[in-house]
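Data first, discussion second: the structure below is written as structure tokens.
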Amino acid sequence: MDTNLLVQYGPALLRGFGVTILCWAAGCAIGMALGFVIMLLRQIEVKPLRWLLRAYIEVIRGTPFLIQLFLLYSGGPAIGLRLEATTAGILGLGIYGSAYFAEIFRAGFQAVPKGQVEAAHSLGMPYGGILRRVILPAMLVSTVPALVNMMAILTKETVVLSIITVPELMYEMQTMAAETFASFETILGMALFYWLLVEAVSRLGRRVEARVTRFLSHPSNARA
Amino acid sequence: MKFSVIVDALPHLLGAAVTTIWISLLGVMLGQVIGVLVCVARQSGRRALDVAGGVYVSFFRGVPLLIQLLLIYYMLPLIGIDVPPLVAAIGALSLASGAYVSEIYRGSLNAVPHGQSEAALALGFSAPTIWKRILLPQAFRISVPALVNELILLLKASSLISVVGVAELTRTSQTISASNFRPLEIYLAAGVIYLAINSALALFGALVERRLAQG
């Protein structure tokens, strides 16, 4: 590969990588926060609310991410929602992730042994305390593998943002490929880079998993 | 919101949805073939085959589909094969799906009790017969829910092939909304169509699963 190319396009690629990381991190954070709130709201026994949240999850999981992005970015202005590409991208990733995170949290919530919650209740703990001291720690341990997996999936989804012109890594690389006519080399480099990136996210996740489950004699207990 | 826009575009969208469906089905079917071959190769006990299969699965599961698609789209002409975008798209979908399917089968094969293939071996069954009569039929049954899920995932992922210009549902929505300046209505309609197809698939999957459970 020509070193001049790296000098010429290096800064743009680095900036693109920064935008990728920003979109990924912000998207994950929004997705998890929203997903957690949805999971909590789903515990409320009000029928219309439950139907609404169920529909939200089914719609997000049943439609392609790209269509959701187009709706947000191109369709938004029609209802007065004018977003910049990067903002739309982050919000889109967050909304897309929230449905999956909500399901992961729900599974984690259900996996907390009922007896523990009842015991805390009978000891006179308020619900907030039970949530914070009994349910959440157990949930954190049992949901980490699924959360890490979802975060790795979202890493891959960030490249889709290039289609709505978010200036992230994929977008910058495609610009470079178009301007230098070295399409194949650039795309091959891009493939290898993302392969490493996703692998790194998964590995990091496994280390986090080992860390939060370290006090269990058998890590598999967490998933029981 | 103007519903007449959706009504006008509906014939085009539905036609494009049919393209989306058959491309996804073809992708999943070819993916099945690749997946079974890779899975068998990885279980064969030959180190080279195992390593090659492992790299294949890791690559196609680790690299975003959009990049795989562009890679195939730009790579084939380079080695002298000039293919229409449609072929590149189906190739990319099949290769990606094959990687996931091989992992689904691997999990399902592990779920078939080990004693059965030992018993078959003790009865003098040859290795291909054990695969054909004992392992694959049971593994297939165990893997049905995961395979239906894979089909739904692939149908959603097929929206990405719009990027290389294949006139499926997403691409057609783009074209229509670029000409009538009504992206909100058109993309909403496209979303509803995707949702309907996926719900139908999920329902079908549940039926097949029930049927097999009786079998």
Side-chain angles (χ1 to χ4, degrees), chain A residues 20 55 58-81 96 149 152-164 169-171 173-174 177 181-203, chain B residues 1-2 5 20 55 58-79 149 152-163 168-171 173-174 177-178 181-202:
Chain A
T20 293
E58 292 300 321
V59 166
I60 299 287
R61 297 206 312 168
T63 52
F65 179 45
L66 187 55
I67 290 283
Q68 295 166 18
L69 277 182
F70 281 152
L71 257 178
L72 196 62
Y73 185 61
S74 317
I79 49 167
L81 190 69
Y96 175 75
N149 187 34
I153 290 176
L154 289 182
T155 316
K156 291 194 281 175
E157 297 290 2
T158 57
V159 304
V160 177
L161 302 186
S162 65
I163 300 176
I164 59 161
L169 187 60
M170 175 83 180
Y171 183 81
M173 281 195 177
Q174 277 186 302
F181 303 106
S183 303
F184 179 66
E185 290 89 332
T186 313
I187 290 164
L188 187 64
M190 190 151 54
L192 294 177
F193 181 81
Y194 274 101
W195 193 8
L196 288 178
L197 184 66
V198 172
E199 188 63 26
V201 169
S202 309
R203 282 216 179 171
Chain B
M1 276 290 269
K2 264 171 69 182
V5 178
T20 285
V55 171
S58 165
F59 183 83
F60 282 94
R61 294 209 313 172
V63 176
L65 182 67
L66 187 58
I67 295 181
Q68 295 173 20
L69 183 64
L70 294 179
L71 201 60
I72 292 174
Y73 188 60
Y74 286 112
M75 187 183 69
L76 291 179
L78 218 68
I79 52 172
N149 196 32
I152 292 174
L153 285 179
L154 200 74
L155 201 116
K156 288 194 288 169
S158 75
S159 64
L160 292 180
I161 66 177
S162 59
V163 169
E168 40 67 77
L169 185 49
T170 300
R171 181 70 180 191
S173 317
Q174 269 179 298
S177 59
F181 304 109
R182 289 279 178 180
L184 183 69
E185 287 87 348
I186 298 301
Y187 289 132
L188 266 182
V192 170
I193 296 175
Y194 273 114
L195 192 63
I197 301 170
N198 282 332
S199 307
L201 283 175

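Every chain is numbered from 1 and lettered A, B, ... according to where its sequence line falls, protein lines coming before strand lines.
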Taking it one step at a time, do S74(A) and Y187(B) satisfy side chain to side chain contact (heavy atoms under 4.5 Å, CB included)?
CA-CA 9 Å; S74(A) 317; Y187(B) 289 132; 4.0 Å; yes
Based on non-hydrogen pairs under 4.5 Å, which of [options] is most in contact with chain B?
options                          : value
I187(A), L197(A), V198(A)        : I187(A)
A191(A), A78(A), P77(A)          : A191(A)
V159(A), I153(A), L71(A), T63(A) : L71(A)

Looking only at non-hydrogen atoms, find the nearest pair between [X] and [Y] and report the distance.
X       : Y       : value
L66(A)  : S159(B) : CD2-O, 3.5 Å
K156(B) : R61(A)  : NZ-O, 2.6 Å
G75(A)  : L184(B) : O-CD1, 3.5 Å

Pairs of donor and acceptor atoms involving the side chains of residues 58-77 of chain B, under 3.5 Å and at least two apart or interchain, shall be tabulated with distances.
| residue | atom | partner | partner atom | Å |
| --- | --- | --- | --- | --- |
| S58(B) | OG | W195(A) | NE1 | 2.9 |
| Q68(B) | NE2 | F60(B) | O | 2.9 |
| Q68(B) | NE2 | V63(B) | O | 2.8 |

Interface moiety of [X] toward chain B, non-hydrogen atoms closer than 4.5 Å:
X       : answer
V201(A) : neither
T155(A) : neither
M173(A) : neither
E157(A) : neither

Would you check if P183(B) and F70(A) make a side-chain contact, meaning some heavy-atom pair closer than 4.5 Å?
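P183(B) vs F70(A): side chains apart.
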Please flag which part of E185(B) lies under 4.5 Å from any non-hydrogen atom of chain A: side chain, backbone, both or neither.
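Nothing of E185(B), per the 4.5 Å heavy-atom cut-off to chain A.
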Which value, rounded to the nearest 0.5 Å, describes the distance between I67(A) atom CD1 and I186(B) atom CD1?
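With rounding to 0.5 Å, CD1 (I67(A)) is 10.5 Å from CD1 (I186(B)).
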Could you state the interatomic distance from CD1 (I163(A)) to OG (S162(B)), rounded to the nearest 0.5 Å?
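Between atom CD1 of I163(A) and atom OG of S162(B) there are 5.5 Å.
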I'd like to check the side-chain contact (heavy atoms from CB on, under 4.5 Å) partners of T20(A); sequence neighbours left out, ordered by chain and number.
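For T20(A) the side-chain contact (heavy atoms from CB on, under 4.5 Å) partners, ignoring immediate neighbours, are T158(A), E168(A), L169(A), Y194(A).
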For the OH atom on Y171(A), are there more than 12 heavy atoms of other groups (residues, nucleotides or ligands in this structure) within a distance under 6.0 Å?
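12 or below, so no.
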Max heavy-atom pair count under 4.5 Å with chain A, selected residue of L160(B), I152(B), L155(B):
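Option with the top pair count is L160(B).
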